[in-house]
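First up is the structure itself, then whatever we jot down about it.
Predicted model, so just to flag it, every value in this text is computed and none were measured.
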Amino acid sequence: MKKKYKFSNIKKYIFKFILYFVGIFFVLLPLWLYKKFGFLYLDQFLFNLKLIIFGHLGGDVNLVKSAIRWLIVIPIIFSFLLIFINIITSFFIKNREKSIDHIIKMLRIIKKNYYNLKLNFFFKIFDKVLNKFLFIIFISISAIFFLMYTDFFKSNNNYSKHNFLDENYIFPDVKIKSEKKNLVVLYVESLENTFSNKERFGENLLEKIWTIDKTQSIEYFYQIPGSGFTLSSLIASQCGIPLLNLGKTMSDPLKIIGINKYLPNLKCLTDILHDHNYENIFISSDHLENSLTNNYLITHNFSRLLGIEELKNMGYQTSKNAWHNKNNWYGGIHDNILLHAAIDELKKLKKNKKNNFFMTIMTLDTHAPVGYPNKNCLKKILNKADLFNYEISDSVKCTVNYINNFINEFNKLNLKNTRLIIVGDHLFMGDLKVKNRYIYNKFFFEKNLKIRRNSMNFYDLYPTFLEAMDFKINNEYGKVGLGYSIFSRNKNYQKIDFKMKGNSKLYDQFWGIDG
């Protein structure tokens, strides 16, 4: 009987340990997400979670360590602590007389006052809380934290009707007007106009790239709800659609480990350019496989792909202080090295002169929560003792310096028929304590190409890129996909401040799936 009793006790405490762990995990999860990423939408969280589960998303080493510490180690420690307290309280309840003797031996003062102090009553109450109400308390606190620190369950967000994409998508119909132009687009991780706010940061962190001669910018480059991560902004800006869930098939391409086609039936910018003999080039300091990016790039006719592995093999310097995958023992590549590599590629293209080109560059040093700045830069702006005590503002300063150098080097190349656009890839994933936030953008264009609107989203960049390369859009709206060119006046333009939710037959068709 004793063995059975002990075994049942072990099973009971294992079950309680699991409950405690799950409860503490979900209490800490919203706090950790808020600290690392700011406010997240549920769709955004689930999409990236699926990428991780199916092995398509490699976590940054520092982020992974933080997640292990806060979401695994701390819940384990507190779960064991609660089990220990549970065992102690149970012992005092079941062995009241013995427990009194034991307490008397340790604390003689309590002997005469044990019943008067109602300690046994206290242990009973505590035991009830541990056994009956603690998990309910966990759920309640977790729910409060999710409501306070995430946008998972916010009811004040607008949602479009299910067939918004089907009813509003315009298939690309373009032709080249005259001499084809080249285009370089630099996507800067998490760069937004808020970093110019002197009241918030004490100075304009973007000063060196804020006011530049012979450039234009959009004042209100707003982020569409649910699109605040790099892959979504890349597809929105070069394909003109959001990333959605698939429809009636109940299948999900992310579950197919061997997936090698990404939205194969969708006509993106680079597909059009490929048809007109452009060379499409992609340069990033991330792994190309991360988030299935390489599958998207190959499917949509990028011919030269340079990620961290390729740049490392070409001899570019890596650093363990730069953003890098947890399996990447040699580290990552800082923005100054990445932008230097991009200039080297542009020099090769200038010598080659065979085809027109479109180049996409994506940085990482300003990634949330505090960035991954080059220590050589930090030595110039911080005391040596503070090199490991930096903030996102310091990371932004360093990257802005590198972008400024990149612009100067780009201008020195004097590339014929080549235009440059610099944009943030999304808003910073963190609470910058500023109400109205907009994404940084700068267009290096001649006066004859004039911006005619003061607001845009990432969908609008698809037709804008086309017109920047002197393609004519064959409709009166200057519209391709869901976006309207910023070079066309359009009274019908409406701000998309809602999430697209539900099924779309057209979106399924883009994946080659018939509902």
Side-chain angles (χ1 to χ4, degrees), residues 37-44 47 150-151 154 156-160 164-165 168-170 185-197 200 205-206 209-210 215-244 362 366 368 392 396 421-443 451-465 467-468 477-501:
F37 304 108
F39 285 92
L40 288 176
Y41 289 97
L42 182 59
D43 290 351
Q44 181 180 343
F47 179 81
T150 77
D151 281 337
K154 294 283 175 73
N156 59 345
N157 295 313
N158 295 323
Y159 292 95
S160 71
F164 181 88
L165 179 65
N168 292 276
Y169 181 87
I170 297 290
V185 181
L186 171 58
Y187 295 81
V188 185
E189 174 68 43
S190 304
L191 198 65
E192 60 174 271
N193 287 347
T194 308
F195 292 119
S196 69
N197 190 320
R200 171 65 181 84
L205 302 175
L206 307 179
I209 58 170
W210 189 245
T215 63
Q216 302 175 59
S217 60
I218 291 277
E219 185 175 358
Y220 306 114
F221 182 6
Y222 62 92
Q223 182 164 290
I224 299 165
S227 64
F229 55 102
T230 302
L231 183 62
S232 67
S233 64
L234 180 64
I235 291 173
S237 61
Q238 297 191 12
C239 302
I241 68 165
L243 286 171
L244 301 174
M362 306 198 91
T366 45
I392 186 59
V396 169
I421 297 174
I422 301 176
V423 295
D425 68 339
H426 49 71
L427 293 176
F428 178 73
M429 291 183 180
D431 185 7
L432 296 181
K433 305 186 186 306
V434 173
K435 187 176 181 181
N436 296 314
R437 296 168 58 183
Y438 298 99
I439 301 167
Y440 175 87
N441 62 98
K442 194 68 71 175
F443 297 83
I451 294 174
R452 300 183 184 277
R453 204 172 66 239
N454 211 22
S455 64
M456 74 172 180
N457 58 51
F458 269 107
Y459 303 141
D460 299 326
L461 284 176
Y462 183 8
T464 297
F465 289 164
E467 290 199 339
Y477 309 111
K479 184 177 183 181
V480 179
L482 295 177
Y484 294 83
S485 170
I486 61 174
F487 305 121
S488 300
R489 281 196 175 92
N490 195 320
K491 293 180 180 178
N492 295 325
Y493 183 79
Q494 292 181 342
K495 184 176 180 180
I496 300 178
D497 57 357
F498 50 80
K499 292 168 65 181
M500 293 179 205
K501 193 166 184 174

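- In this structure, K479 contributes its side chain and P463 its backbone to no donor-acceptor pair below 3.5 Å.
- For the pair N441 (side chain) and V423 (backbone), a donor-acceptor distance under 3.5 Å is absent.
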Problem - Verdict with reasoning, L186 to V188, per side-chain contact (heavy atoms from CB on, under 4.5 Å) - result: CA-CA 6 Å; L186 171 58; V188 185; 3.9 Å; yes

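- Between F164 and F498, a ring centre-to-centre spacing shorter than 6.0 Å is recorded.
- Atoms CG and CD1, on N193 and I439 in that order, are 9.0 Å from each other to the nearest 0.5 Å.
- F221 approaches G424 most closely through the heavy-atom pair CE2-O, 4.5 Å.
- The distance from atom CG of L234 to atom CE of M362, rounded to the nearest 0.5 Å, is 5.0 Å.
- For Y169, the side-chain hydrogen bond (donor to acceptor under 3.5 Å, both in side chains) test picks out no residue, with sequence neighbours left out.
- Listed by chain and residue number, Y438, N454, S455 satisfy the side-chain contact (heavy atoms from CB on, under 4.5 Å) test with Y220 (two or more places apart in sequence, or in another chain).
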Practice task
Determine, step by step, whether L206 and L191 satisfy the side-chain contact (heavy atoms from CB on, under 4.5 Å) criterion, reporting the C-alpha distance in whole Å, the side-chain angles of both residues, the deciding distance to 0.1 Å, and the verdict.
Solution key: CA-CA 9 Å; L206 307 179; L191 198 65; 3.7 Å; yes

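- Between the side chain of Y222 and the backbone N or O of I496, at least one donor-acceptor pair lies under 3.5 Å.
- For the pair K442/I421, no side-chain contact is recorded, criterion being any heavy-atom separation below 4.5 Å from C-beta on.
- Minimum interatomic distance between S196 and W210 (heavy atoms only, all atoms of both residues): OG-CH2, 3.5 Å.
- Separation of atoms CG (N197) and CG (L205) is listed at 9.5 Å; rounding is to 0.5 Å.
- Nearest heavy-atom pair across I392 and T366 is CD1-O, 3.8 Å.
- Between the side chain of T464 and the backbone N or O of I486, at least one donor-acceptor pair lies under 3.5 Å.
- Every side-chain contact (heavy atoms from CB on, under 4.5 Å) that S488 has, sequence neighbours left out, goes to E467, S485.
- S232 is linked by a side-chain hydrogen bond (donor to acceptor under 3.5 Å, both in side chains) to nothing, counting only residues two or more places apart in sequence or in another chain.
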Exercise for the section: Decide side-chain contact (heavy atoms from CB on, under 4.5 Å) for L432 and F195; before the verdict, give the C-alpha distance in whole Å, the side-chain angles of both, and the deciding distance to 0.1 Å. Expected result: CA-CA 9 Å; L432 296 181; F195 292 119; 4.1 Å; yes

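- Scanning for salt bridge (charged side-chain N to carboxylate O under 4.0 Å, His left out) contacts around D460 gives R453, with sequence neighbours left out.
- Between F458 and Y187, the ring-plane angle classifies as parallel under the 30° and 60° cut-offs.
- Judged by distance alone, the side chain of Q216 and the main-chain N or O of F443 form no donor-acceptor pair under 3.5 Å.
- From S237, atom OG reaches atom NE2 of H426 across 11.5 Å, with rounding to the nearest 0.5 Å.
- Heavy-atom minimum distance, E189 versus T230: OE1-OG1, 3.5 Å.
- Note that SG of C239 is 12.0 Å distant from CG of L461, once rounded to the nearest 0.5 Å.
- Using a 4.5 Å heavy-atom cutoff, the side chains of Y440 and I209 are in contact.
- Evaluation of the salt bridge (charged side-chain N to carboxylate O under 4.0 Å, His left out) rule for R437 yields E192 as partners, not counting sequence neighbours.
- Looking at Q238 and F465, their side chains come closer than 4.5 Å, going by heavy atoms from C-beta outward.
- To the nearest 0.5 Å, atom CD1 of residue I241 and atom OH of residue Y459 are 8.0 Å apart.
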